[in-house]
Structure formats: C-alpha cells, structure tokens
2 protein chains.
Amino acid sequence: MSQQRTPTTPTRRRGAALENAITDAAWEVLVEQGYNGFTFETIAARAGTSKPVLYRRWPQREDLLLATLARNWRPLNIPNTGGLRQDALTLLRTVNAERARTLILLRIQLADYFRETGTTFNHLRSHLRPADQTPPFARLVDRAVERGELADIRRSERVVNLPFDLVRHDMLMSMDAVPDETIVEIVDAVWLPLLGLSPHSTQTRR
Amino acid sequence: MSQQRTPTTPTRRRGAALENAITDAAWEVLVEQGYNGFTFETIAARAGTSKPVLYRRWPQREDLLLATLARNWRPLNIPNTGGLRQDALTLLRTVNAERARTLILLRIQLADYFRETGTTFNHLRSHLRPADQTPPFARLVDRAVERGELADIRRSERVVNLPFDLVRHDMLMSMDAVPDETIVEIVDAVWLPLLGLSPHSTQTRR
DNA sequence: AAAATAAGATACGCGATAGTATCTACGGGT
DNA sequence: ACCCGTAGATACTATCGCGTATCTTATTTT
C-alpha cells in the first residue's frame, strides 16, 4: 500500500473493511478468470494487499472461495405483479440480469473445483444457504391458483419449472444473457400453453 | 518404452499407431481431468511416450486438443422407428448414453479454453464438422409430418427442439446421465402435449 | 550392411504459484 | 508516549508444467 499519505487518510485497512475488499477482489477474479485463475497471488494483487494477509484468514484456497461465494450469494426476488404471465416474465428477466446470471454460470466456472473435491453445485448451494424452500416458479403457480387464474390441480415439477430450466439452459449454452424475445417466447409459446393458458388470458399486455 | 523385447515384437510405435495412441490418451486425460489437466506432461506419460514426440506433431496445446476432439467427434444417429414418440425416446437415450453425453458435457470441460481463445463451442463444432444440416428433432418432426402423424404446420424451433434442450439442461446440471424416467416424462408430459399429441396416439406402448 | 529417420529418455532454464519466513511500520488500545 | 497486533512488502523454497536441447537406439530406407 504505497499510498500518498495525509494526516487523516488511513493507509491500512483492517477488520471487515479489509476482508470485504479481499472478497470483492476475489469475486471479480473468479468471475473474470474462473476457478483456475482464482489464485492467492492474483487476488492479493487485485485487492492491493499481500499473500500473508490472505493466508492469515483463509489458510486454504477453498476457505477463501467459500467466503467469497457466501458474500455474493443472493436470494432471488419473487415478483408479485397480480398476473401469472407478468410474474413469469419479471422473474426470468431478474434471472437474466447480471447478478443472478453470474451465479447461475458459476456452475461452469467451478467445474474444476467440483471435480477436485468430489462435491457438487447443489451441495455447495445448501452449504451457503439453507435449502430454498419453494422453487420460484412453484411460488408463482401457487399464487395464480390462489387468484383463481389457474385450476387447483396437481402439476409436475417439470412443467412448473420449465421456464427457468429453459432460460438456464440457454444461458449455459451461450455463457451469456438470453435475448428478451427468447424469454417472451418461452413463456408465451411453451409454458402458458402447457398450463392450459393463452398469453393474453393471464393479464393485459405488458 | 523399456519393454521386454522379443525378435518379432516391435518396441516402438510409428505413424498412425503412435498418433492414435497419443490422441486416445489425450482424450482420456481431457475427460477425466478437464482442460486444465490437459497438459503435454500428463498426456505423454499416459501415452507411454515423451514430450518431444508430442511437440513434433502438435507444436501447440491447441493443435493436440483439436486433433483429439476431431478423432472423437461422432455424428448423432437419427432413429427411424416408424413412430414419433419412439423416435424421440430412442434419440434421447442415445444422447444420454456415455459417448454422446461426454461430448455434450465437453462444453463445460472446455470453458477455460473458450475463455482463453475467445471462441465458442459452436465455433469449435463447425470447425470439426461441417454445420449439421437439420437439427435431430426437426428431422423427427419432419418424418412424423410425412407419415401423417403430425399436421403440416409451422412450429417454432423452441418447441421442436425442446426435448433435447431439457435433457441437455439436466445433464449440464448434474454433469451425469439423466434418469430414463426423466426422458419419458419430458417426451410424454411436455413435448407431445405441446405438439398436440398424447403419448399413446403416436405408437403402441414401448 | 550402412545410412537415415525419429521414438523414447532425460536434462535444463524459465515462469507461475503455493506456502512460509522475516522485516518494517501503521494504527488502535492503554 | 508506549506497547502490541497485524497490514503490507519482500524474499525464499518447492513444485509443476512449458518448451527445448541432446543423446541413445529401434526401425525403416537405401
């Protein structure tokens, strides 16, 4: 930290400020360079600190990785727009936006980590957060049933979760965001028909 | 090759025999250890040869990678059972079997290669093989139309390719084979209804 | 049989990274 | 002001893999 020093500007970080700076840098490195670029050398340089500082807190690479993931893990907001179609579109657009998308694509970034440790993404997820209670799309369908928009019948998880699966699939295939018209297509041409709905019976046009 | 030598047993490999042994070893290494384990050191040892032998043929790692992929790339057999449902189930089971599955999961194994080179799986695929003409499921649907099983109307690619997308998605999620009942579910509960068919109107039970 | 080719073996220098040791000096607590 | 903890800087050893040089020797060619 060869920083120009003024009487009131601290030149060293401590405690949470330091740890947050490190895990923020670690996250950037992970996203840009993947697991194999996630090295103490690179992260220390990115965070403007030195390797012993990292080792003092996280003696193993995995410790730092888990800390970094825990800091960046976010629950998904479940929209409640009053209509099933709009809920679905909003949720998928949220999933498609950068923050959530990066977490989805992490599955690929961490392939080598999973291979090394014999663990899985799902195992990691339950480690970072308690099991997500109800899958997001199941929540949307439940609400539509409550509103009387959908009949109260049993539906397979496969059908309920289909939009999320398809968007995730396309993201994994392209390693990038999905075009918005793809999202609209998945909801209107695939999912709503499978639920026995047409796109315009669920709510007025957006 | 410190091999016990008999008068008629050659101790050294040459030409295609040697190259095939190397690319076979390279493939095993790629599948087991991913792109980052794909090193000349490891492959030479696995093939029972020395690094200069590899460098003489493939001066760059990418050369050896492409040669290895070219040797193991296989076109997908399109089944023709006389019924759409059976065609679909057969095709998905083929996709789910080890050989084709490994190629699908290669997308993940090669994530670091794509990042390094700024290229993509689709680019790689068209490099290894001319563009596959008709997507497999489009072929199945075409045949069903010819047989009169399906109406001759326009269908979105999204719907036509849905089974393959969902199976691929589940494979990518689990990095493993998909249970057979998943395949049956995708075809019977999702795809055929979207095509306006019920599972048993396409053919007698399997 | 002799010559040519290249497979196989091995050694080397270099760069990157892990992990650790050591030192200086900032900054908080007393 | 003094003491202590530790941030930041730097150096070191060990390991791994890349890429190359050199040598021996099996095998094909002449």
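Chain naming here is simple, since letters A, B, ... match the order of the sequence lines and numbering starts at 1 in each.
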Arg12(A) atom CZ is separated from dT24(C) atom P, nearest whole Å, by 13 Å
Let's go through Asp165(B) and Arg168(B) carefully: what are the C-alpha distance in whole Å and the side-chain angles of both, what is the deciding distance for salt bridge (Lys or Arg N to Asp or Glu O under 4.0 Å) to 0.1 Å, and is it a yes or a no?
CA-CA 5 Å; Asp165(B) 288 349; Arg168(B) 190 191 287 111; 3.1 Å; yes
Just N and O in the side chain of Ser50(A): are any of them under 4.0 Å from OP1 or OP2 of dA7(D)?
no
Distance in angstrom units between Arg56(A) CZ and dA7(D) C1', rounded:
6 Å
Report yes if a side-chain nitrogen or oxygen of Thr49(A) is closer than 4.0 Å to either non-bridging phosphate oxygen (OP1 or OP2) of dG8(D); otherwise report no.
yes
Would you say Thr11(B) reaches dT27(D)'s phosphate, i.e. side-chain N/O to OP1/OP2 under 4.0 Å?
yes
For a quick check under 3.5 Å, do Asn36(B) and Asp112(A) share a side-chain donor-acceptor pair by atom type?
yes
B/S/- along nucleotides 14-21 of chain D (protein heavy atoms under 4.0 Å) is ---BBBBB
Sub-4.0 Å heavy-atom contacts from residues 14-30 of chain B onto DNA chain C, ordered by number:
Arg14(B), Leu18(B)
Would you say the side-chain atoms of Asn96(B) and Arg101(B) include a donor-acceptor pair closer than 3.5 Å?
no
Reported CG-to-CG distance for the pair Asp176(B) and Leu105(B), which is rounded to 0.5 angstrom
8.0 Å
Pick from Glu116(B), Arg115(B), His123(B): which one makes a side-chain hydrogen bond (donor to acceptor under 3.5 Å, both in side chains) with Thr119(B)?
His123(B)
Phosphate OP1/OP2 of dT6(D) contacted by Arg13(A) side-chain N/O (<4.0 Å)
no
Which pairs count as ring-ring contact (aromatic ring centres under 6.0 Å, His included) when at least one residue sits in residues 82-119 of chain A, sequence neighbours excluded?
Tyr35(A)-Tyr113(A)
Arg71(B) and Asn20(B): side chain donor to acceptor below 3.5 Å
yes
Both conditions, 6.0 Å and 45 degrees, for the charged tip of Arg125(A) above the ring of Phe121(A): are they met here?
no
Rounded off to whole Å, could you give me the CZ-to-C1' distance for the Arg57(B) and dG8(C) pair?
12 Å
